[in-house]
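These notes concern the structure reproduced below.
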Amino acid sequence: MDGCFDMMHYGHCNALRQARALGDQLVVGVVSDAEIIVNKGPPVTPLNERMIMVNAVKWVDEVIPDAPYAITEEFMKKLFDEYNIDYIIHGDDPCVLPDGTDAYALAKKAGRYKQIKRTEGVSSTDIVGRMLLCVRERSVSEIQQHSSLQRQFSHGHSQKFEDGGSGSGTRVSHFLPTSRRIVQFSNGKGPESDARIIYIDGAFDLFHAGHVEILRKARELGDFLLVGIHTDQTVSANRGAHRPIMNLHERSLSVLACRYVDEVIIGAPWVISKDMLTTFNISLVVHGTVAENSNFEKEEGNPYEVPINLGIFKVLESPLGVTTSTIIRRIVSNHEAYQKRNEKKAASEKRYYESKGYVSGD
């Protein structure tokens, strides 16, 4: 399976899970920055960060960097001969080249193509739209004291994002979590009785390479990594009414898909209590140096006070200086480019559907 995997989310992870279920090994091609720019517009996350994200997904066995956007004869031969690929996989949504043709036409013609179901309710385009909507809402709220978008994210209300009269619509979260989907993403195994359990908590909003790298370092310290994911209300209270971008269950699935994570607490408390440490048999609580909340020790009511006093708290040097705010800044600073990218994608898909004989409104 290949893809851009830009601003990787639980929809990408679910696609990889489904692809892996079709065989014994999953090889994933990650499209180069240059190819994305030509075919879609500028990526939000560069190749090195996208590689970290894809490598961390627990259903992925091998990753090929700098894959082409379209499956060419040459690349298809390389896949079959060098990587022993049996099938090329893609979702049931169209992957369209700028000229409106199907990027997987050759794989289909060769009879080596299989399709999986696309995860509804989320896309990178949608998430970019949510961020732009949030930034717009925040600037309006400074004047009019608008209500928080966070509740809309949690309850799936929709709202239009209008910029310069473009009329391009954007949705907030329509994700409906089910127990089955959570089980599909879960490891399904608890810790051994003598396991050293490491705990790390956070919002994990817009799950990114910085999150992956600190989780990797945390997992190296023990046998079992337990991740606490704060509620939407907690994130909103501590980071502002415009956050989180992704709701609690979306954030939980992204973290669960990470190979370094053994289990998550969906809606973890802000303050770590003695009772919580005992209940989960936590050996060590860790926190990264690069985080949205890095001044916790100076705060009144330090959430880590109990593990600090017990001598089971450690600050880990974060390998990457990326935060959720970094991702949002990238979007905002390239606002026009991403707006054009979304329009370009819509135009390509329209040409594709027209070539298949569909008419507007089908």
Side-chain angles (χ1 to χ4, degrees), residues 1-23 26-33 35-36 39-41 43-67 69 88-96 103-104 114-131 171 173-177 181-182 184-186 204-213 215 244-247 249-261 264 322 324 327 330-331 338 341-342 345:
M1 188 170 200
D2 60 16
C4 302
F5 302 103
D6 194 18
M7 293 186 61
M8 195 159 183
H9 50 72
Y10 66 91
H12 291 128
C13 297
N14 194 42
L16 295 172
R17 181 191 65 78
Q18 292 180 75
R20 181 63 173 76
L22 292 174
L26 177 61
V27 179
V28 180
V30 181
V31 177
S32 70
D33 292 342
E35 284 273 276
I36 296 175
N39 288 280
K40 297 179 79 170
V44 179
T45 44
L47 180 64
N48 68 307
E49 290 180 23
R50 292 184 287 114
M51 287 291 292
I52 288 170
M53 296 300 292
V54 175
N55 267 306
V57 175
K58 60 188 176 188
W59 300 290
V60 175
D61 296 291
E62 188 176 350
V63 182
I64 303 171
D66 292 315
Y69 189 79
I88 292 165
I89 316 294
H90 191 259
D92 55 11
D93 54 321
C95 184
V96 186
Y104 290 90
K114 284 192 177 184
Q115 199 162 272
I116 55 167
K117 188 167 173 52
R118 183 185 179 279
T119 305
E120 292 300 326
V122 69
S123 69
S124 298
T125 305
D126 162 57
I127 294 167
V128 169
R130 292 193 209 180
M131 270 184 274
R171 301 174 309 174
S173 175
H174 286 173
F175 177 59
L176 298 173
R181 180 53 47 84
I182 290 168
Q184 286 171 339
F185 273 54
S186 172
F204 297 98
D205 196 15
L206 298 175
F207 195 63
H208 53 69
H211 290 137
V212 166
E213 288 294 85
L215 291 172
I245 307 294
M246 311 292 281
N247 74 29
H249 289 96
E250 292 178 306
R251 293 182 283 119
S252 298
L253 285 183
S254 291
V255 175
L256 270 174
C258 180
R259 67 171 74 248
Y260 310 118
V261 175
V264 304
V322 181
T324 301
I327 306 294
R330 288 177 188 173
I331 296 287
Y338 294 124
R341 170 177 161 170
N342 289 0
K345 180 184 177 187

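All residue numbers in this chain count up from 1 along the given sequence.
Of all heavy-atom pairs between Ile182 and His249, the closest is CD1-CD2, 4.3 Å. The shortest heavy-atom contact between Ala19 and Leu26 is CB-CD1, 3.9 Å. The shortest non-hydrogen separation linking Met53 to Ala209 is SD-N, 3.2 Å.
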For this session: Could you give me the CA-CA distance, side-chain angles and deciding distance for His12 and Val28, then say whether side-chain contact (heavy atoms from CB on, under 4.5 Å) is met?
Result: CA-CA 12 Å; His12 291 128; Val28 180; over 6 Å; no
Problem set entry | side-chain contact (heavy atoms from CB on, under 4.5 Å) evaluation trace for Leu215 with Phe204 | CA-CA 11 Å; Leu215 291 172; Phe204 297 98; 4.1 Å; yes
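Applying the side chain to side chain donor-acceptor pair (under 3.5 Å) rule to Glu213 yields the partners Arg216; only residues at least two apart in sequence or on another chain are considered. Qualifying ring-ring contact (aromatic ring centres under 6.0 Å, His included) partners for His90, counting only residues two or more places apart in sequence or in other chains: Tyr104. Not counting sequence neighbours, Glu35 has no partner by the salt bridge (charged side-chain N to carboxylate O under 4.0 Å, His left out) test. Every residue two or more places apart in sequence or in another chain that forms a side chain to side chain donor-acceptor pair (under 3.5 Å) with Gln184 is listed here: Arg17, Arg181. Listed by chain and number, the residues in a side chain to side chain donor-acceptor pair (under 3.5 Å) with Lys58 are Asn187 (sequence neighbours excluded). With sequence neighbours left out, Asp61 forms a salt bridge (charged side-chain N to carboxylate O under 4.0 Å, His left out) with Arg20.
Atom CZ of residue Phe207 and atom OG of residue Ser252 lie 11.0 Å apart, to the nearest 0.5 angstrom. Distance OH/Tyr69 to SG/Cys4: 5.5 Å, rounded to 0.5 Å. The CD atom of Glu250 sits 9.0 Å away from the CG atom of Asp205 when rounded to the nearest 0.5 Å. The CG atom of Leu256 lies 12.5 Å from the CZ atom of Arg251; values are rounded to the nearest 0.5 Å. Note: Asp92 CG to Arg118 CZ = 8.5 Å, rounded to the nearest 0.5 Å. One distance of note links CE of Met1 with CD1 of Ile89; it measures 7.5 Å at 0.5 Å rounding.
Considering Thr45, Val57, Ile52 as possible partners of Met8, the one that fulfils the side-chain contact (heavy atoms from CB on, under 4.5 Å) test is Val57. The only member of Val30, Asp33, Leu47 that meets side-chain contact (heavy atoms from CB on, under 4.5 Å) when paired with Asp66 is Leu47.
Classification of the His208-His211 ring pair by plane angle, with boundaries at 30° and 60°, yields parallel. Taking the six-membered ring where tryptophan is involved, the planes of Phe185 and Trp59 are perpendicular, since the angle between them exceeds 60° and thus also 30°.
The side-chain heavy atoms of Arg259 and Val60, taken from C-beta on, include a pair separated by under 4.5 Å. You'll find the side chain of Ile88 stays beyond 4.5 Å of the side chain of Lys114, heavy atoms only.
Formation of a donor-acceptor pair under 3.5 Å by the Gln18 side chain with backbone atoms of Lys117 is found in this model. Using a distance-only test at 3.5 Å, with no hydrogens or angles considered, no donor-acceptor pair links the side chain of Asn14 to the main chain of Tyr10. Without hydrogens or angle criteria, Arg50 side chain to Met7 main chain gives no donor-acceptor distance under 3.5 Å.
The existence of a salt bridge linking Asp6 and Lys40 is excluded, since no basic side-chain nitrogen approaches an acidic carboxylate oxygen closer than 4.0 Å.
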